[in-house]
Asks: 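This is the structure I want to talk about, given as structure tokens.
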Amino acid sequence: MADPLVSVAALLAPAFRQVAGPVAGAVVDPVVRPSDRADAQANGALALAKQLGRNPRDVAADVVAAARLDGVATLEVAGPGFINVTFADDYLAASLAAIAADELLGASQSSSPLTAVIDYSHPNVAKEMHVGHLRSTIIGDCIARVMTFLGHRVIRENHIGDWGRPFGMLIEHLLDLGEAEAAHELSVGDMNSFYREAGRKFAADEAFQVRARQRVVELQGGDPETLRLWRLLVHESTRYFNSVYARLGVLLSDDDLMGESAYNHMLGAVVDRLAAAGLLQRSDGADVVFPPGFVNREGDPLPVIVRNRVGGYPYATTDLACVIDRVERVRADLLLYVVGAPQAQHLEMVFAVAQMAGWLQAPTEAVHVAFGNVLGSDGKMFKSRSGDTVKLSDLIDEAVARATRQVAGKNPELSPAEQSEVGRIVGIGAIKYADLSTDRVKDYAFDWERMLAFEGNTAPYLQYAYARIRSIFRRVGVEPHHVRSVVPVLGTPQERSLALALLAFDGAVAETSTRYLPHRLCTYLFELAQAFTAFYDACPVLKAETDELRTSRLALADLTARVLAKGLDLLGIDVPERM
RNA sequence: GCGUCCGUAGCUCAACGGAUAGAGCAUCUGACUUCGGAUCAGAGGGUUGGGGGUUCGAGUCCCUCCGGACGCGCCA
């Protein structure tokens, strides 16, 4: 409840209830929102007036009269019936001191923690990671961090593609190459050519095709030698994935692996349980379920195929097994799928079937955390010059190289070692922030120049704001924790708006958490950084007129640094001490 | 054909049904040789794709048309 907007809403609610009186069903939400006319505005009087059949301004005036906000805020009726809220400086200052003493910096932990499974990243074994995996990985990681921060029990699951028909050809290709050579090719990250070559042989060589098909049968039959070769592929691939995760600084590790193969033993049971529930139908020799409301291009009902004509299990069955596993074994309340928007219909159908079967019942909820495509500067799907998908590792290399060059150019005084470390932090931060800072559901345009710019809504701008604050403390020689019990003075407009921005951290994190929208947190941090630089420009810290003022401004600067660092950390982004 | 998502300033993007649609970039004008100017203050720039509707109030909800992306039965 550190966010003053939340606090004032709670304080206004009784006044609204009083004015609403005994009118049945009257809505009493104060509807407190940020405002450009005041610190906040309460819009609830308009809706309430409608329900009461009264004049909105009169209702607003009654609410103002009934409200008890002494020492917190002053209220004023404005326009057609808005209530403008202006917080008392002392209240803001005391609130700042409170969040400065709080490890969570004012963020409110959930009063009813959830067990949330977050399914993200999910690269494919023996296949290169590309920008599509980047989005899922970064967005999922951010949501995992935010929900963990707010006290939820977060289970990260990396649903890697480690099973299925392609593994016949992949294993045969591995044998052709020799195990050592294949392991080398996979470990140096030349997976594209490994996969492509296997596919090429499968298409061109009939004998290879026969071998590959036979190999699939052996794999599914549990042949020990085949399983050993399969594990080799998986092992080399996950080693490679882990190296990418480490460079990106995402939380995923081997402990989070829950590949498709992990659900094999459940697939028969999925079909049996659907049959027992009376949901299974035969269609063209396949076992299917028809969730209502889905039709194909002919207008006929669209099935979810859970066992195909030849007895195989398509991926919908695996996804259903996942739902069962996550609900019944993990005891999850919330299932998040950080998956591209094109999969929307598939997931909807899977969720529908899971609900029909009773596996997914309120309040347990499954949510498709969808995201759009990554586009190049030409507005088309992001591709390399040669037209291939861009390897994630190449993308990381380039980001770090570009950032290092920029840092070296801007600050030649840093040692080479520092330049490369800062370049790494800035480059990785830039990639992540660019991705997280726009509404995830929309396609997003990948642009090196923009994401690495040191001005505007970018990671480097935020990191720079942090570095400047650290510079102040190096210069003044005061340990930040010495100013953490200070109640700051809010004497200038810049100090005041910085205070308001700092106190809004709570609400920004909450919104990111409940709506799975990292860009809300990004926008917040950018606004905070802007408020800080305006403050920095207008309010001398080291040369403040009095010691008291200097201490106060140091406290504001320190708190800003902590909120920036924590906010960026929740996005998975590091901060440099200097840059 | 059916379905989903998207369309906001020159460009990239915000805006939980609330007032005069906001930022950044770019452009233009300013800022005590500055605690890091990698900054700050300000200006211009819009029929929110078109048209209807619901609402006290619509960029936001509903319908329709236009434009774009992506899905649509045995791959994952």
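Chain A is the first sequence line, chain B the second, and so forth, proteins listed ahead of strands; every chain is numbered from 1.
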Asks: Using modelled atom types only, decide if a donor and an acceptor are shared between the side chain of A:Ser136 and the backbone of A:Tyr120 within a distance under 3.5 Å.
Replies: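 Checked: no pair found.
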Asks: Without decimals, in angstroms, what is the distance between A:Tyr516 OH and B:C16 P?
Replies: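 Those two atoms, OH and P, are 18 Å apart.
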Asks: Might you list the N or O atoms of the protein lying below 3.5 Å from N or O atoms in nucleotides 18-20 of chain B, with each pair's distance?
Replies:
{"residue": "B:G18", "atom": "O2'", "partner": "A:Gln41", "partner atom": "NE2", "Å": "3.2"}
{"residue": "B:A19", "atom": "O2'", "partner": "A:Arg37", "partner atom": "NH2", "Å": "2.0"}
{"residue": "B:A19", "atom": "N7", "partner": "A:Gln41", "partner atom": "OE1", "Å": "2.8"}
{"residue": "B:A19", "atom": "N7", "partner": "A:Gln41", "partner atom": "NE2", "Å": "3.2"}
{"residue": "B:A19", "atom": "N6", "partner": "A:Gln41", "partner atom": "OE1", "Å": "3.1"}
{"residue": "B:A19", "atom": "N6", "partner": "A:Asn84", "partner atom": "OD1", "Å": "2.3"}
{"residue": "B:A19", "atom": "N3", "partner": "A:Arg37", "partner atom": "NH1", "Å": "3.4"}

Asks: Please check if the distance between the ring centroids of A:Tyr315 and A:His346 is under 6.0 Å.
Replies: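 When the ring centroids of A:Tyr315 and A:His346 are compared, they turn out to be within the sub-6.0 Å range.
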Asks: Name all residues meeting the salt bridge (charged side-chain N to carboxylate O under 4.0 Å, His left out) criterion together with A:Arg54; count only those two or more places apart in sequence or in a different chain, and write none if there are none.
Replies: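 A:Arg54 satisfies salt bridge (charged side-chain N to carboxylate O under 4.0 Å, His left out) with A:Asp62 only.
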Asks: What is the distance, rounded to the nearest whole Å, between atom CG of A:Asn296 and atom P of B:U4?
Replies: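 Spelled out: CG on A:Asn296 to P on B:U4 is 15 Å.
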Asks: Indicate the atoms forming the closest heavy-atom contact of A:Pro166 with A:Tyr195, along with that distance.
Replies: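 Smallest interatomic distance, heavy atoms only, reads CB-OH, 3.5 Å.
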Asks: With 3.5 Å as the limit, what N/O pairs link the protein to nucleotides 8-13 of chain B?
Replies:
{"residue": "B:U12", "atom": "O4'", "partner": "A:Arg450", "partner atom": "NH2", "Å": "3.2"}
{"residue": "B:U12", "atom": "O2'", "partner": "A:Arg450", "partner atom": "NH1", "Å": "3.4"}
{"residue": "B:C13", "atom": "OP1", "partner": "A:Ala445", "partner atom": "N", "Å": "3.2"}

Asks: Restricting to side chain to side chain contact (heavy atoms under 4.5 Å, CB included), what partner residues turn up for A:Val575, sequence neighbours left out?
Replies: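 With neighbours one apart ignored, the set is A:Tyr466, A:Ala565, A:Leu568.
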Asks: Any side-chain heavy atom of A:Leu320 sitting closer than 4.5 Å to one from A:Val353?
Replies: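 Contact flag for A:Leu320/A:Val353 side chains = yes.
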Asks: Write down the distance between CZ (A:Arg57) and P (B:G57), rounded to a whole number of angstrom.
Replies: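 Between P of B:G57 and CZ of A:Arg57: 18 Å.
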Asks: If you pin A:Ala467 and A:Pro342 to their nearest nucleotides in RNA chain B, which one's is more 5'?
Replies: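 Its nearest nucleotide lies further toward 5', so the answer is A:Ala467.
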Asks: Is the closest side-chain donor-acceptor distance between A:Tyr313 and A:Asn264 under 3.5 Å?
Replies: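 There is no such pair (donor and acceptor under 3.5 Å, judged by atom type) between the side chains of A:Tyr313 and A:Asn264.
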Asks: So which one's nearest nucleotide on RNA chain B is more toward 5', A:Asp284 or A:Val32?
Replies: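 First, find each residue's nearest nucleotide; the 5'-ward one identifies A:Val32.
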Asks: Students often get this wrong, so: under 4.0 angstrom with heavy atoms, is A:Thr533 touching a base, only sugar-phosphate, or nothing?
Replies: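 It contacts sugar-phosphate atoms only.
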Asks: With sequence neighbours left out, what residues match A:Ala286 under side chain to side chain contact (heavy atoms under 4.5 Å, CB included)?
Replies: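 Checked A:Ala286 against side chain to side chain contact (heavy atoms under 4.5 Å, CB included); matches are A:Val288, A:Ile305.
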Asks: For A:Arg165 and B:C75, give me the distance from atom CZ to atom P, rounded to whole Å.
Replies: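 Spelled out: CZ on A:Arg165 to P on B:C75 is 5 Å.
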Asks: Report the distance from atom CZ of A:Phe535 to atom P of B:U39, rounded to the nearest whole Å.
Replies: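 Taking CZ of A:Phe535 and P of B:U39, I get 18 Å after rounding.
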Asks: Suppose the criterion is side-chain hydrogen bond (donor to acceptor under 3.5 Å, both in side chains): which pairs have a residue in residues 512-522 of chain A, not counting sequence neighbours?
Replies: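 Applying side-chain hydrogen bond (donor to acceptor under 3.5 Å, both in side chains) to every pair that reaches into residues 512-522 of chain A, excluding sequence neighbours, yields A:Glu511-A:Arg515, A:Glu511-A:Arg520.
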Asks: From CZ of A:Phe454 over to C1' of B:C40, roughly how many Å is that when rounded to an integer?
Replies: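 One finds 19 Å between C1' of B:C40 and CZ of A:Phe454, rounded.
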Asks: Among B:C70, B:C6, B:C2, which nucleotide sits nearest the side chain of A:Val295?
Replies: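 Within the option list, the nearest is B:C2.
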Asks: Please report the shortest heavy-atom distance between A:Val32 and A:Ala40, naming the atom on each side.
Replies: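 So the minimum-distance heavy-atom pair works out to CG1-CB, 4.2 Å.
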Asks: Would you mind calling B:C61 syn or anti? Take O4'-C1'-N9-C4 for purines or O4'-C1'-N1-C2 for pyrimidines, and syn is within 90° of 0.
Replies: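 You should classify B:C61 as anti.
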Asks: Measure OH/A:Tyr195 against P/B:C75 and give the value in whole Å, please.
Replies: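 Computing the A:Tyr195:OH to B:C75:P distance gives 13 Å.
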Asks: Would you mind reporting whether A:Arg440 and A:Leu517 have side-chain heavy atoms less than 4.5 Å apart?
Replies: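 Yes; the side chains approach each other to less than 4.5 Å.
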Asks: Please list each protein N or O that sits under 3.5 Å from an N or O in nucleotides 41-43 of chain B, with the distance.
Replies:
none

Asks: Apply side chain to side chain contact (heavy atoms under 4.5 Å, CB included) to A:Ala321 and list each qualifying residue two or more places apart in sequence or on a separate chain.
Replies: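 So A:Ala321 forms a side chain to side chain contact (heavy atoms under 4.5 Å, CB included) with A:Tyr263, A:Met266, A:Leu267, A:Val270.
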Asks: Considering only the C1' atoms, how many Å lie between B:U60 and B:G7, rounded to the nearest integer?
Replies: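 My reading of the C1' atoms in B:U60 and B:G7 gives 14 Å.
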Asks: Looking at NE2 of A:His130 and CE of A:Met191, how far apart are the two atoms once the value is rounded to the nearest 0.5 Å?
Replies: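 The CE atom of A:Met191 is 12.5 Å from NE2 of A:His130, to the nearest 0.5 Å.
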Asks: Would you kindly give the CG-to-P distance between A:Asp287 and B:G73, to the nearest whole Å?
Replies: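 Spelled out: CG on A:Asp287 to P on B:G73 is 18 Å.
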Asks: Judged by modelled atom types alone, do A:Asp39 and A:Thr86 share a side-chain donor-acceptor pair under 3.5 Å?
Replies: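 Their side chains do not contain a donor-acceptor pair, so the 3.5 Å distance test is not met.
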Asks: Checking A:Val339 now: which residues fulfil side chain to side chain contact (heavy atoms under 4.5 Å, CB included) with it, not counting sequence neighbours?
Replies: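 Counting only residues at least two positions away or on another chain, A:Val339 forms a side chain to side chain contact (heavy atoms under 4.5 Å, CB included) with A:His122, A:Tyr337, A:Gln343, A:Leu347, A:His368.
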Asks: In residues 421-435 of chain A, which ones come under 4.0 Å of RNA chain B, going by heavy atoms?
Replies: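 Under 4.0 Å from RNA chain B: no residue of residues 421-435 of chain A.
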Asks: Stem ranges for RNA chain B, with three or more consecutive Watson-Crick or G-U pairs under 3.5 Å?
Replies: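 The stems that RNA chain B takes part in, listed by first number, are B:1-7 with B:66-72, B:10-13 with B:22-25, B:27-31 with B:39-43, B:49-53 with B:61-65.
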Asks: Checking A:Arg213 against A:Gln209: is there a side-chain donor and acceptor pair closer than 3.5 Å?
Replies: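 The criterion, which ignores hydrogens and geometry beyond distance, is satisfied for A:Arg213 and A:Gln209.
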Asks: Pairs under 3.5 angstrom only: tabulate donor-acceptor contacts from the side chains of residues 527-535 of chain A to other protein residues two or more places apart or in another chain.
Replies:
{"residue": "A:Thr533", "atom": "OG1", "partner": "A:Tyr461", "partner atom": "OH", "Å": "3.2"}
{"residue": "A:Thr533", "atom": "OG1", "partner": "A:Ala529", "partner atom": "O", "Å": "3.1"}
{"residue": "A:Thr533", "atom": "OG1", "partner": "A:Gln530", "partner atom": "O", "Å": "3.1"}

